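Here the structure comes first, spelled out in C-alpha cells, and everything after it is commentary.
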Amino acid sequence: SIGTQAGGLKAAKPGGNSKDVSVQRALNEETLVSAAQKVKEAGRDFTYFIVVLVGIGVTGGLFYVIFKELFSSSSPNKIYGDALEKCRSHPEIIGAFGDSIKGYGEATRRGRRQHVSHIEYVKDGLKHMRLKFYIEGTESGKQGTVHVEVKENLETGRFEVRYIFVDVETYPRRTIVIEDNR
C-alpha cells in the first residue's frame, strides 16, 4: 500500500506507523468535504442573490413613488406649485401682498411648514382634489389662505382647475378670485 506523511508519498511497510494515511481514504474524504463545501457556498450565494433582488425591488419602488409624487401632473405638490405660480403672477395678489410672495403648507410639530393640506374624492365618477395652503408677501403682516379645487378631465386624464381663490386674513378682509371655472 502507498501512504502519505508530511505531504510526500512513500511506500508503507507492513505493520507500519499508524500516522500514515492511505491515499485512497484521503481522496474519499477530500471529495466529501469539497461536495459539502460546494453546497454551503451555493446556499450562501443564493442568499446573497435574494438580498440583492430585494434591494433592487425596494430601490425601484422608492424611485417610482418619488417620480409619481414630484413629476406627475396629478400629485398634490404639482398642483400646489401651479396654483402658487398663478397667485404670484396675479396683479391683484401682487397689489395686496407685494412683489415677493412665498407659499407654505401646514405647520408640523417641529415647526416646519411643508405639508400641503389636500383631500381627494370621487364625485359623479370623476376624481376631484381640494388643496389649502398659505401665502405671505413682503408687505408687513400680510397673509392669506389659498383654496384650490381641481377636477379630472376624462379625455386627457389630467386635472383641470375648477377654482383658485385667496382669503386675505388681514384688514381689510376680502376674497380674491384668481380663477373660477365652475
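Computed from a predicted model, the values in this text were never measured in an experiment.
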CG (Asn77) and CG (Leu84) are apart, to the nearest 0.5 Å, by 11.5 Å
What heavy-atom pair brings Gly98 and Thr138 nearest, and what distance separates the two atoms? CA-OG1, 3.6 Å
Who are the side chain to side chain contact (heavy atoms under 4.5 Å, CB included) partners of Tyr121, not counting sequence neighbours? Lys123, His128, Arg130, Glu149
Short question: side chain of Tyr80, backbone of Ser117 - any donor-acceptor pair under 3.5 Å? no
Using every non-hydrogen atom in the two residues, find where Val116 and Lys132 come nearest and quote the distance to one decimal. CG1-O, 4.1 Å
Short side-chain donor-acceptor distance under 3.5 Å, Glu169 and Tyr134: no
Would you mind checking if Lys127 and Glu120 are paired as a salt bridge, meaning a charged N to carboxylate O distance below 4.0 Å? no
To the nearest 0.5 Å, what is the distance between CG on Leu126 and CZ on Phe159? 9.5 Å
Gap between atom CD1 of Ile79 and atom CD1 of Ile164 - 0.5 Å precision: 10.0 Å
Are the charged groups of Glu85 and Arg88 less than 4.0 angstrom apart, N to O? yes
Correct closest heavy-atom pair for Gly103 and Ile135 would be CA-CG2, 4.2 Å
Proximity of Phe46 and Tyr48 rings by center, below 6.0 Å: no
How close do Phe97 and Gly144 get, heavy atom to heavy atom, and via which atoms? CE2-N, 3.6 Å
Cut-off 3.5 Å, no hydrogens considered: what does the side-chain donor-acceptor table look like for residues 175-182, sequence neighbours left out?
unit_1	atom_1	unit_2	atom_2	d
Thr175	OG1	Asp167	OD1	2.9
Glu179	OE1	Lys86	NZ	2.9
Glu179	OE2	Asn181	ND2	2.9
Asp180	OD1	Arg182	N	3.4
Asp180	OD1	Arg182	NE	3.0
Asp180	OD2	Arg182	NH2	3.4
Asn181	ND2	Val161	O	3.0

Sequence neighbours left out, what passes side chain to side chain contact (heavy atoms under 4.5 Å, CB included) with Thr59? Give chain and number order. Phe63
With a cut-off of 6.0 Å (strictly less than), are more than 12 heavy atoms of other residues, nucleotides or ligands near CD1 of Ile119? no
How about NZ on Lys142, more than 12 heavy atoms from neighbouring residues, nucleotides or ligands closer than 6.0 Å, or not? yes
Do Val168 and Thr170 come close enough that some side-chain heavy atom pair is under 4.5 Å? yes
Correct closest heavy-atom pair for Ile101 and Cys87 would be CD1-O, 4.2 Å
For Tyr104 and Glu136: C-alpha separation, side-chain torsions, deciding distance, then whether side-chain contact (heavy atoms from CB on, under 4.5 Å) applies. CA-CA 9 Å; Tyr104 53 89; Glu136 64 182 37; 3.4 Å; yes
Nearest heavy atoms of Asn153 and Glu160, plus distance in Å: ND2-OE2, 2.6 Å
Audit row: Arg158, Glu152, salt bridge (charged side-chain N to carboxylate O under 4.0 Å, His left out) steps and yes/no: CA-CA 6 Å; Arg158 296 180 154 216; Glu152 181 184 33; over 6 Å; no
